[in-house]
J.: 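Encoded as structure tokens, here's the structure I'll be asking about.
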Amino acid sequence: MNAICPKATKVSFHDYQPELDNFRQTVLHGLAHEHKQIPPKFFYDKRGSQLFEAILEQPEYYVPHVEKQLYRDYATEMAALIGENAVLIEPGSGSCEKVQLLLDALRPAAYVPMDISGDFLRQSAATLGAAFPWLQVHAACLDFTRELHLPQNVPAGRRVVFIPGSSLGNFDVPEAQHFLFNIAQLVGKGGGLLIGVDRKKAKAVLETAYNDAAGVTAAFNLNLLIRINNELEGTFDLDQFAHYACYNAAMGRIEMHLTSLQEQQVQVSGKTFHFARGERIHTENSYKYHPEEFITLATAAGFKCEQHWTDAANLFGIYYCTV
């Protein structure tokens, strides 16, 4: 289904109807697992997407603040490497906020935001189109962890994928390499990748970032249970579960969990699941990479790292890679 957003004539919306029916199957399977788990892509219903945007505003979460400054400082340099009239593709585009720091310098032929949350994507694309009326926006509602393809009416031009934030960290390492390989196939020979990668650092800094004082990350994590209650006839009592985030130094990743505060039983879609006191549902990983670790990963996927930018405190890195 293709539609033109009414407020911006250069904005089109392409609904590839990502397979959401497997939410039930995945949740039931994950809760039946010895170590209960639910993939993080199911965080992003409309409220989850809004809460994620609120996380980006929390003072403890350093990534967006540091990264935005890097784009402000180096946008001209990045644009010179990418070149004008590229087709800029952003999987997991969310609010399309960070790309706005690059658009005037880059002047792409088109921008293709991709997101699994259709309503949120439609709204974000329309807002962006109104702010940049010269820009062709081809919004694609799809699950970028499963498929990466472009709408047919995207103009010709060099393909460059843009992945700000630390989205790559949500993949386990083999999955991250496969994802990068798929990006290399999408952009083709001569294509590029501009990607943000969170760096390994002190445990205290990382754990504070994922346990903000305002409780926004906790609300984001617990919203997954609200979604299960609303969509899968769940009976989770949110007062009996708590957000838990910790840094697993051996694995080089932040882990997010939902912890059962007492022994209890919960129903989902008519099936009953037992929780021991202290038992957890593993909801997300966020891997951190030293520069040499990411470069090795990207090289194995077919990329050559051309340039790397970081802040003075070495908290976060942005890489430009080519195929």
Side-chain angles (χ1 to χ4, degrees), residues 30 33-43 51-52 55-56 58-67 69-70 92 145 163-180 195-222 224 241-261 275-301 303 305 308-319 321:
H33 200 273
E34 180 182 359
H35 301 289
K36 293 180 172 66
Q37 55 192 294
I38 300 173
K41 68 180 179 179
F42 295 114
F43 280 136
L51 284 167
F52 179 75
I55 288 172
L56 302 181
Q58 301 312 301
E60 298 93 339
Y61 190 56
Y62 55 86
V63 169
H65 316 298
V66 171
E67 186 181 22
Q69 191 58 52
L70 288 172
T145 68
I163 306 179
S166 55
S167 299
L168 186 72
N170 295 145
F171 296 95
D172 290 337
V173 176
E175 294 173 342
Q177 184 171 317
H178 182 67
F179 179 55
L180 291 174
I195 184 170
V197 181
D198 200 8
R199 296 179 67 156
K200 290 180 178 176
K201 57 187 68 70
K203 178 178 180 179
V205 174
L206 287 166
E207 292 190 348
T208 299
Y210 288 82
N211 292 282
D212 57 273
V216 179
T217 306
F220 173 69
N221 203 6
L222 286 161
L224 182 59
F241 285 85
H243 164 74
Y244 176 72
C246 63
Y247 182 56
N248 183 333
M251 298 294 291
R253 70 190 188 193
I254 279 280
E255 297 179 0
M256 287 209 323
H257 302 260
L258 291 164
T259 304
S260 177
L261 300 179
F275 286 83
R277 180 183 178 91
E279 188 174 3
R280 297 170 182 164
I281 307 172
H282 192 164
T283 55
E284 186 175 52
N285 295 319
S286 184
Y287 283 83
K288 315 301 176 184
Y289 292 94
H290 289 308
E292 59 272 17
E293 291 174 325
F294 171 74
I295 291 170
T296 298
L297 191 70
T299 301
F303 283 102
C305 286
H308 172 216
W309 302 270
T310 191
D311 58 290
N314 293 319
L315 294 173
F316 189 84
I318 298 173
Y319 301 79
C321 307

J.: Would you say that L206 contacts K288 through its side chain, given a criterion of any heavy-atom pair below 4.5 Å between the two side chains?
T.: yes
J.: How are the rings of F171 and F179 set to each other: parallel, tilted or perpendicular (split at 30° and 60°)?
T.: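 The rings of F171 and F179 lie parallel, inter-plane angle below 30°.
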J.: Can you find a heavy atom in the side chain of I163 that is under 4.5 Å from one in the side chain of L168?
T.: no
J.: To the closest 0.5 Å, what do you measure between CG (L224) and CZ (F42)?
T.: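 Atom-to-atom, L224:CG and F42:CZ are 9.0 Å apart.
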J.: Of all the heavy-atom pairs spanning A219 and L51, show the shortest one and how long it is.
T.: O-CD1, 3.7 Å
J.: In this structure, is the centre-to-centre distance between the rings of F52 and F43 below 6.0 Å?
T.: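 Not under 6.0 Å, so no.
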J.: Taking all non-hydrogen atoms of both residues into account, name the closest pair between L180 and A301 and its distance.
T.: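 Where L180 meets A301 most closely, the heavy atoms are CB-CB, 3.6 Å.
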J.: Please round to the nearest 0.5 Å and tell me the distance separating atom CG of D311 and atom CZ of F316.
T.: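 The CG atom of D311 sits 9.0 Å away from the CZ atom of F316.
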J.: Any donor-acceptor pair under 3.5 Å linking the side-chain atoms of E284 with those of N170?
T.: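 Yes, side-chain donor-acceptor contact under 3.5 Å.
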J.: Is the NE2 atom of H178 crowded by more than 12 outside heavy atoms at less than 6.0 Å?
T.: no
J.: Does any N or O in the side chain of E60 come within less than 3.5 Å of the main-chain N or O of N211, such that one atom is a donor and the other an acceptor?
T.: no
J.: Once you round to the nearest 0.5 Å, how far does OH of Y61 lie from CD1 of I55?
T.: 8.0 Å
J.: Is it true that the side chains of T310 and R199 contain a donor and an acceptor less than 3.5 Å apart?
T.: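 Indeed, the side chains of T310 and R199 share at least one donor-acceptor pair under 3.5 Å.
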J.: State, to 0.1 Å, how close M256 and A245 come at their nearest heavy-atom pair, and which atoms those are.
T.: CG-CB, 4.1 Å
J.: Any non-hydrogen side-chain atom of L258 less than 4.5 Å from a side-chain atom of I38?
T.: no
J.: Minimum heavy-atom separation for G196 to E67, with atom names?
T.: CA-OE2, 4.2 Å
J.: I'd like to know if the side chain of Y210 pairs up with that of S286 as donor and acceptor (distance under 3.5 Å, no hydrogens or angles considered).
T.: yes
J.: Determine whether T259 and F241 satisfy the following criterion, side chain to side chain contact (heavy atoms under 4.5 Å, CB included), listing intermediate values before the conclusion.
T.: CA-CA 5 Å; T259 304; F241 285 85; over 6 Å; no
J.: Is a side-chain donor or acceptor of E207 paired with a backbone partner of A204 at a separation under 3.5 angstrom?
T.: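 It does not hold such a pair.
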J.: Check W309 against L70 and note the closest heavy-atom contact, atom names and distance.
T.: O-CD1, 4.4 Å
J.: Between atom OG1 of T296 and atom CD of Q177, what is the distance when rounded to the nearest 0.5 Å?
T.: 10.0 Å
J.: D172 versus E175: any side-chain heavy-atom pair under 4.5 Å?
T.: yes
J.: For residues 244-255, pull every pair meeting side-chain hydrogen bond (donor to acceptor under 3.5 Å, both in side chains), keeping only residues two or more places apart or in separate chains.
T.: N248-E255, R253-E255, R253-N285, R253-Y287, E255-H257
J.: For the pair Y319 and H308, name the ring-plane relationship: parallel under 30°, tilted 30 to 60°, perpendicular over 60°.
T.: parallel
J.: Quick check for you: to the nearest 0.5 Å, what is the distance between S260 atom OG and R280 atom CZ?
T.: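 So the OG of S260 and the CZ of R280 are separated by 11.5 Å.
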J.: Atom OG1 of T208 and atom NZ of K203: how far apart are they, to the nearest 0.5 Å?
T.: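 If I round to the nearest 0.5 Å, the distance is 11.0 Å.
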J.: With heavy-atom distances below 4.5 Å as the criterion, would you say the side chains of H282 and K36 are in contact?
T.: no
J.: Do any N or O atoms from the side chain of H65 and from the backbone of Q58 form a donor-acceptor pair under 3.5 angstrom?
T.: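 Yes; judged by distance alone, with no hydrogens or angles, the pair exists.
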J.: Measure across F294 and C321 and return the closest heavy-atom pair with its distance rounded to 0.1 Å.
T.: CE2-SG, 4.2 Å
J.: Run the side-chain hydrogen bond (donor to acceptor under 3.5 Å, both in side chains) test against K201 and tell me which residues pass, sequence neighbours left out.
T.: Y62, D198
